[in-house]
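Encoded as structure tokens, the structure appears first; notes follow it.
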Amino acid sequence: MDKFIIEGGKKLKGEVIVSGAKNAALPILTGCILTGEPCLISNVPKLRDIDTVEKLLSGLGAQVEFKNSSISVKASQLASNEAPYDLVKTMRASVLLLGPLLARSGKARVSLPGGCAIGERPINLHLAGLKKLGAEIKLEEGYIEASARRLIGNKIHFDIPTVTGTMNLMMAASLAKGQSLLENCAMEPEVVEVGNFLNKMGAKIEGHGSKEIKIQGVESLGGVDFTVIPDRIEVGTLLVAAGITGSSITVKNAYLEHIEAIVQKLNEAGVKIEAAPQGLKVSRNGKLYGVDMQTQPFPGFPTDMQAQFVALMSLAEGSSVITENIFESRFMHVAELKRMGADIRIEGSSCVVKGVKSLKGAPVMATDLRASASLVLAALAAKGSTEIRRIYHLDRGYEHLEKKLNALGASVRRLKDSSKF
Ligand code: EPU
């Protein structure tokens with residue numbers, strides 16, 4: 001297991017290039033099994049979750065090769081239709097194989113993901129949607145066993161907008177017989193990407209990016225070359241890195257339209273963001289101000305940036321109330337930030353942050369992906385040295401974060417953690 005040692009208090013400067021979006025690359029890669037023809041997916045970040053999806057695809061019998069941030073997938077024939085527990089337990093997004101497997105081979109056996117550090121995260125809406133398309137679904141020994149001779153288009157209303165649920169149903173309905181109408185869909189940029197990817201394969205999808213998606217099922221899909229969008233959560237994390245250290249940097253490969261809610265809150269907090277060639281320039285010269293924030297589905301403020309925003313607010317002047325509306329227990333970073341001197345109180349689904357003058361380095365523990373990012377940000381601004389353990393959480397979702405931060409002038413060392421505890 002690796003850990004980070006971060007010497008805080010360094011100003012950042014220069015340019016940083018954002019990697020491809022993990023949460024777009026994952027469904028796109030599982031979507032490659034919808035065809036037997038070759039697919040080439042570019043701008044794929046080298047991450048632990050991407051390694052996991054490669055293993056899942058190989059396990060199904062697809063030929064998979066990662067070269068220079070591109071992955072080629074050729075699933076001429078599927079030798080298996082199973083996503084085993086050992087892989088699913090390390091990555092819940094494995095459930096994104098359900099729709100493609102059912103659509104392609106009429107059978108899927110996918111381990112039911114267990115709970116996760118940020119909440120229970122059920123997949124009932126994925127399953128209800130697939131049943132509406134005619135799939136028969138059973139739970140056997142911890143596995144979802146789904147089957148259908150051919151899926152049949154239908155109207156599906158999601159009670160809650162679900163990102164991976166919308167993606168799963170878009171993929172399944174693309175090869176269903178007849179038309180499907182998905183209502184109350186997630187509108188995240190990654191959902192739009194999946195729609196664009198499927199259309200490039202020959203699907204007939206309209207309305208992705210709005211609440212209502214219409215899909216005219218087709219008989220087959222073909223191979224595709226597709227480039228993944230930049231990771232908007234990495235962009236947001238880097239904007240906060242500049243904001244929390246009072247620095248000025250340029251973040252290249254950032255799309256403003258993907259992060260408007262983040263930019264608005266950062267502006268209110270005293271962080272300035274301007275358009276720059278192929279990216280954004282971010283700076284803070286004055287004070288940081290406490291601002292309230294609530295997480296919401298897109299286009300609202302993303303839950304995946306909540307932990308990073310709490311770290312920023314812990315050094316702001318005044319108080320802020322941060323409310324988490326998407327996941328029930330996504331405040332694991334709070335206890336660790338308090339170890340660094342932050343003044344934060346959790347009240348139900350909110351936390352009340354009273355800004356302090358400075359944070360101090362301490363040994364802390366990463367508990368999930370975005371919580372790890374929030375600890376890295378706090379450590380960049382803290383006085384002294386912070387040791388962050390269990391960095392494997394960070395490695396699931398940020399490509400070479402320490403290299404990128406070090407190139408900007410930070411001091412982040414990756415070491416082997418020999419501790420037995
Ligand atoms: N929900 C249900 N039933 C379902 C599906 C979802 O009740 O069948 C609930 C969830 O419990 C949650 C809400 O609906 O309260 C929204 O969850 P959603 O399904 O949208 O989340 P997800 O698809 O499992 C994706 C991202 C997450 C991100 C969320 C919210 C991927 C692989 N994961 O998860 O990313 O937080 O959308 O935007 O795309 C991360 O990258 O750190 C991460 C956790």
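Since the structure is predicted, the reported quantities are computational estimates derived from the model, not experimental observations. In each ligand, atom 1 is the first atom listed, and ligand 1 is the first ligand listed. Scope of the values below: all heavy atoms of this structure, side chains included, with no hydrogens, waters or symmetry mates.
Only the side chain of L369 comes within 4.0 Å of ligand 1, judged by heavy-atom distances. Contacts with ligand 1 closer than 4.0 Å are made by side-chain heavy atoms of I160 only, the backbone lying farther away. Residue E190 does not touch ligand 1, judged by heavy-atom distances below 4.0 Å. When heavy-atom distances to ligand 1 are checked against a 4.0 Å cut-off, R92 has no atom that comes that close, whether in backbone or side chain. Heavy atoms from both the backbone and the side chain of N124 come within less than 4.0 Å of ligand 1. At a heavy-atom distance under 4.0 Å, only side-chain atoms of F327, from C-beta outward, approach ligand 1. Neither the backbone nor the side chain of L96 has any atom closer than 4.0 Å to an atom of ligand 1 (non-hydrogen atoms only). Contact annotation: for P122 versus ligand 1, heavy atoms closer than 4.0 Å belong to both the backbone and the side chain.
At distances below 3.5 Å, at least one donor-acceptor pair connects side-chain atoms of E234 with backbone N or O atoms of S19. When atom types are taken as modelled, the side chain of N168 and the backbone of G99 share a donor-acceptor pair closer than 3.5 angstrom. Checked by atom type and distance alone, the side chain of T30 pairs as donor or acceptor with a backbone atom of L96 at under 3.5 Å. No donor-acceptor pair closer than 3.5 Å links the side chain of K204 to the backbone N or O of G217.
Looking at ligand 1, you won't find any N or O of T303 less than 3.5 Å from one of its N or O atoms. Between G165 and ligand 1, not a single N/O pair is under 3.5 Å apart. No N or O atom of E188 sits closer than 3.5 Å to an N or O atom of ligand 1. For ligand 1, one of its N or O atoms has an N or O atom of V163 under 3.5 Å away.
Annotation: cation-pi pair K46/F66 present, NZ/CZ under 6.0 Å from the ring centroid and within 45° of its normal.
Put simply, part of R330 is less than 4.0 Å from ligand 1, judged by heavy atoms. Not a single heavy atom of A186 lies less than 4.0 angstrom from ligand 1.
Using a 4.0 Å cut-off between a side-chain N of Lys or Arg and a carboxylate O of Asp or Glu, E37 and K74 do not qualify as a salt bridge. Checked for salt-bridge contact, D231 and K22 miss the test: no charged N lies under 4.0 Å from a carboxylate O. Ionic pairing of D51 and R396 is not present here: no N-O contact between side-chain nitrogen and carboxylate oxygen is shorter than 4.0 angstrom. Between K338 and E336 there is no salt bridge, since none of the side-chain N atoms of the basic residue sits less than 4.0 Å from a carboxylate O of the acidic one.
Atom 41 (O) of ligand 1 has R370 NH2, 2.8 Å as its closest protein atom, hydrogens excluded (heavy atom only). Scanning the protein for heavy atoms near atom 34 (O) of ligand 1, the closest one is R121 NH2, 3.2 Å. When hydrogens are left out, the protein atom nearest atom 32 (C) of ligand 1 is N23 OD1, 3.4 Å; that is the closest non-hydrogen contact. Of the protein's non-hydrogen atoms, the one nearest atom 43 (C) of ligand 1 is D304 OD1, 3.4 Å.
Ligand 1 places these atoms under 4.0 Å from at least one heavy atom of I123: 4 (C), 8 (O). Atoms of ligand 1 lying under 4.0 Å from at least one heavy atom of K22, given by number and element, are 40 (C), 41 (O). Close contacts between ligand 1 and I326 involve ligand atoms 12 (C), 15 (O), 16 (C) [criterion: under 4.0 Å to a heavy atom]. Residue-ligand proximity, H126 to ligand 1, at heavy-atom distances under 4.0 Å covers atoms 8 (O). Set against the non-hydrogen atoms of A93, the atoms of ligand 1 under 4.0 Å away are 32 (C).
The side chain to side chain donor-acceptor pair (under 3.5 Å) with R330 is formed by just one residue from the set T295, D368, D304; it is D304. T52 pairs with exactly one of V88, L47, L57, L87 by the side-chain contact (heavy atoms from CB on, under 4.5 Å) rule, that one being L87. Residue R232 forms a side chain to side chain donor-acceptor pair (under 3.5 Å) with just one option from E190, H258, E188, and that option is E190.
In summary, the side chains of N184 and K211 do present a donor paired with an acceptor at a separation below 3.5 Å, with no hydrogens or angles considered.
Residue T164 holds the heavy atom nearest to atom 23 (O) of ligand 1 of all those in L26, D49, T164.
Heavy atoms only, all atoms of each residue included: G207 and I213 are closest at O-CG1, 3.8 Å.
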